[in-house]
Asks: 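Let me give you the structure first, and then I'll get to my questions.
Just so we're clear, the structure is a prediction, and the values are computed from it rather than from any experiment. Excluded from the calculations below are hydrogen atoms, water molecules and symmetry mates; all remaining heavy atoms, backbone and side chain alike, are included.
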Amino acid sequence: MRKSTPPDVRAPRDTASATVELEDVPFGRFHLHVAVAGSGGQFSDGYILGIIGIALTSATDDLALNAVWLGLLGAASLAGLFFGSLFSGALIDRIGRHPIFAFDMPLLAALSLAQFWTAAAWQLLLLRLLLGLVLGADYAASKTLVSELAPRKSRGRMMSVLAIAWAAGYTIAYLVGYLIAQTASGDRPWTWMLASSAVPALLVAAARLGVPESPRWLIAKGRAQEAAAMIAAKIGPHVTLPTAPAPAPAPATSSGAPAESGSLRALFAPALRSRTVIACVFYLCHIMPYFALSTFSPRILASLGVHNAYFGGAVYNLLLLVGAVVGMSVIDRLTRRRFLVGSFAVAAVLLLPLGILHDLPITLVIVLFAALAFALSAADTLAFVYPQELFPTRMRATGVGAAVAASRIGASISTFLLPVVVESFGIRTAMTGLVLVLAAGALACYRYAPETSGLKLGSQ
């Protein structure tokens with residue numbers, strides 16, 4: 001009987017002499033499934049975080065929200081993301097990537113739906129915190145799992161799909177919210193906006209069926225036979241296991257005491273400390289302006305004199321999506337360092353006129369804001385690739401979780417402070433502060449960020 005060709009990679013005629021390592025397998029249907037399943041979580045994440053900006057505009061009177069409450073609710077999910085990503089990373093490095101990856105989306109759908117019955121600001125605050133906790137766990141699990149299943153030569157583009165999905169979720173959430181705001185005839189349209197995030201979460205849960213555990217994690221746990229069986233079933237019998245790095249002693253803390261792999265303490269052992277710091281600094285300085293400007297884009301544009309702020313906000317969010325697509329097209333063509341430093345510098349230059357110049361033409365304000373959205377979103381593809389490349393397999397989820405947690409500290413602070421600073425000191429003071437954050441990110445990456453282009457995971 002004629003043997004069937006494996007579904008994901010066409011087997012060579014002489015499999016005995018043409019074996020290929022997992023990380024060098026051409027991109028196939030299996031990788032497409034993994035990318036869709038992982039990016040679905042990012043879409044749902046972007047949707048949940050994106051819908052809150054326009055929903056708060058509609059909910060302000062119903063919930064009697066002042067500037068402080070607006071800041072708290074805008075930052076709530078980001079604060080939950082901090083704790084969820086920080087503490088789930090070490091757990092994921094111990095129990096595997098798959099358990100959380102497979103089961104967090106149904107919980108996310110239930111919490112999303114519960115927002116429909118919100119009757120007070122504190123109830124919405126609690127639900128947004130819980131949503132953030134689940135999203136934080138998914139960040140660490142999905143980014144780590146997809147990166148460990150991605151081929152080396154197309155890892156940047158494959159991980160960039162997650163960034164595009166996030167931007168798409170964020171943009172579509174804004175458009176859905178805008179549509180509901182314009183067409184809803186009943187009271188409290190913002191409850192429909194918030195509850196709508198249950199739909200993508202349920203679709204993602206179904207898409208994740210059949211995605212396996214990371215073979216790299218299985219090998220690191222001494223389960224190479226399981227890893228080989230999974231690779232043969234999902235990709236093909238001619239694919240070999242990833243090359244395991246030479247055994248290394250357990251990382252030691254600065255005092256010389258051993259630190260357990262997969263623990264937060266091990267991230268600051270001498271061997272990983274500098275990589276941990278630059279991963280956190282890069283992500284924090286990038287995400288602070290990204291979230292602050294995205295969450296409150298209609299309010300910011302109105303403060304800058306744009307009369308149709310909702311239209312300007314829609315343009316801004318659409319450019320987020322376009323920027324992510326362009327970022328995917330260039331991420332494997334530029335070195336990581338050049339992309340890192342250049343993206344920070346370009347965003348700072350675009351934002352600077354909005355901070356220091358007065359009475360700019362409305363058209364120029366919209367153009368600068370749209371170009372800024374494009375630049376920030378293109379650079380966001382790095383956040384889905386670079387942190388994973390900085391850490392070895394035994395610490396990858398822990399490191400990614402810490403980097404995401406650091407970014408959410410910055411996002412929470414900037415999202416909370418932006419409406420307060422605008423109200424107290426004016427929009428240009430707030431914009432100038434974000435320029436300084438971007439400049440700090442450029443300097444830190446220029447000085448300390450290691451080059452990881454073409455790196456084989458596990459060879460750090």
Side-chain angles (χ1 to χ4, degrees), residues 30-49 76-116 126-150 159 161-162 165-166 169 194-218 220-221 223 226-227 229-230 233-234 262 384 388 393 396-402 404-405 408:
F30 168 74
H31 303 105
L32 179 62
H33 180 198
V34 171
V36 169
S39 62
Q42 298 303 312
F43 180 94
S44 188
D45 174 27
Y47 192 101
I48 288 171
L49 295 177
S77 291
L78 301 176
L81 266 159
F82 165 76
F83 291 105
S85 58
L86 182 64
F87 294 110
S88 68
L91 177 65
I92 292 164
D93 277 331
R94 290 193 183 103
I95 69 171
R97 291 73 164 105
H98 184 264
I100 290 177
F101 182 82
F103 298 112
D104 56 9
M105 285 294 121
L107 178 58
L108 204 65
L111 291 170
S112 296
L113 192 60
Q115 295 174 106
F116 182 80
L126 178 60
L127 287 171
R128 299 300 295 181
L129 284 168
L130 293 174
L131 283 166
L133 286 171
V134 180
L135 289 173
D138 187 70
Y139 256 82
S142 62
K143 286 186 174 184
T144 303
L145 180 58
V146 176
S147 68
E148 291 179 349
L149 291 170
M159 296 302 295
V161 173
L162 276 68
W166 193 97
L194 295 175
S196 67
S197 59
V199 176
L202 288 174
L203 294 175
V204 174
R208 289 187 171 182
L209 297 174
V211 176
E213 181 58 86
S214 163
R216 287 194 173 278
W217 182 84
L218 291 171
K221 294 298 181 180
R223 296 160 61 180
E226 287 182 53
M230 184 277 290
K234 295 291 183 179
F384 289 81
Q388 289 89 290
T393 299
R396 186 162 292 119
T398 308
V400 170
V404 172
R408 269 46 194 180

Asks: With sequence neighbours excluded, what pairs up with Ser112 under the side chain to side chain donor-acceptor pair (under 3.5 Å) test?
Replies: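 Expected list: Ser197.
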Asks: Looking only at non-hydrogen atoms, find the nearest pair between Ala141 and Phe101 and report the distance.
Replies: CB-N, 4.1 Å
Asks: Between the side chain of Ser85 and the main-chain N/O of Phe82, is any donor-acceptor distance below 3.5 Å?
Replies: yes
Asks: Would you check if the side chain of Gln115 reaches a backbone N or O of Leu194 as a donor-acceptor pair within less than 3.5 Å?
Replies: yes
Asks: Run the side chain to side chain donor-acceptor pair (under 3.5 Å) test against Ser39 and tell me which residues pass, sequence neighbours left out.
Replies: none
Asks: Restricting to side chain to side chain contact (heavy atoms under 4.5 Å, CB included), what partner residues turn up for Leu202, sequence neighbours left out?
Replies: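 Here the qualifying residues are Ala109.
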Asks: Which distance, rounded to the nearest 0.5 Å, do you find between the CG of Leu111 and the CG of Leu107?
Replies: 4.5 Å
Asks: Let's go through Ile92 and Val400 carefully: what are the C-alpha distance in whole Å and the side-chain angles of both, what is the deciding distance for side-chain contact (heavy atoms from CB on, under 4.5 Å) to 0.1 Å, and is it a yes or a no?
Replies: CA-CA 11 Å; Ile92 292 164; Val400 170; over 6 Å; no
Asks: Between Trp217 (side chain only) and Thr393 (backbone N and O only), is there a donor and an acceptor less than 3.5 Å apart?
Replies: no
Asks: Identify, with sequence neighbours excluded, every residue that meets side chain to side chain donor-acceptor pair (under 3.5 Å) alongside Tyr139.
Replies: Asp45, Trp166, Arg408
Asks: Specify the closest pair of heavy atoms between Ser88 and Ala137, including all atoms of both residues, with the distance to one decimal.
Replies: OG-CA, 3.3 Å
Asks: Near Phe116 CZ, under 6.0 Å, is it more than 12 heavy atoms from other residues, nucleotides or ligands?
Replies: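 Buried by this count: over 12 neighbours within 6.0 Å.
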Asks: Which heavy atom of Pro212 sits nearest a heavy atom of Leu145, and at what distance?
Replies: O-CD1, 3.7 Å
Asks: For Met105 and Ala201, which heavy atoms make the closest approach, and how far apart are they?
Replies: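 What the structure gives for the nearest pair is CB-O, 3.5 Å.
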Asks: Does any non-hydrogen side-chain atom of Leu149 lie less than 4.5 Å from one of Pro215?
Replies: yes
Asks: Using side-chain heavy atoms (C-beta onward) and a distance below 4.5 Å, is Ile100 in contact with Leu91?
Replies: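 They are in side-chain contact.
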Asks: Is there a donor-acceptor pair under 3.5 Å between the side chain of His98 and the backbone N or O of Val211?
Replies: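 Checked: pair present.
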Asks: Give the C-alpha distance, both sets of side-chain angles, the deciding distance and a yes or no for side-chain contact (heavy atoms from CB on, under 4.5 Å) between Leu81 and Leu49.
Replies: CA-CA 11 Å; Leu81 266 159; Leu49 295 177; 4.0 Å; yes
Asks: Checking Arg128 now: which residues fulfil salt bridge (charged side-chain N to carboxylate O under 4.0 Å, His left out) with it, not counting sequence neighbours?
Replies: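 Arg128 satisfies salt bridge (charged side-chain N to carboxylate O under 4.0 Å, His left out) with no other residue.
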Asks: Show your working on side-chain contact (heavy atoms from CB on, under 4.5 Å) between Glu226 and Lys221 and close with a plain yes or no.
Replies: CA-CA 11 Å; Glu226 287 182 53; Lys221 294 298 181 180; over 6 Å; no
Asks: Considering only residues two or more places apart or on different chains, which pairs with a residue in residues 199-215 satisfy salt bridge (charged side-chain N to carboxylate O under 4.0 Å, His left out)?
Replies: Asp104-Arg208, Asp138-Arg208
Asks: With side-chain contact (heavy atoms from CB on, under 4.5 Å) as the test, would you mind laying out the steps for Leu162 and Met159 before giving the verdict?
Replies: CA-CA 5 Å; Leu162 276 68; Met159 296 302 295; 4.2 Å; yes
Asks: If we ignore angles and hydrogens, is there a donor and acceptor under 3.5 Å between the side chains of Ser147 and Gln388?
Replies: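 No pair is found: no donor N or O on one side chain lies under 3.5 Å from an acceptor on the other.
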Asks: For a quick test of reading the model, state the closest non-hydrogen atom pair linking Ala207 to Ala37 and the distance between them.
Replies: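 It is O-CB, 3.9 Å.
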Asks: What are the two closest heavy atoms between Gly40 and Val204, and how far apart are they?
Replies: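 Gly40 and Val204 have their closest heavy atoms at O-CG2, 3.0 Å.
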Asks: Measure the spacing between CG of Asp93 and OG1 of Thr398 and express it to the nearest 0.5 Å.
Replies: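 OG1 of Thr398 is found 3.5 Å from CG of Asp93.
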Asks: State which residue, out of Leu129, Leu135, Leu130, fulfils the side-chain contact (heavy atoms from CB on, under 4.5 Å) condition with Leu133.
Replies: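 Output: one option passes, namely Leu130.
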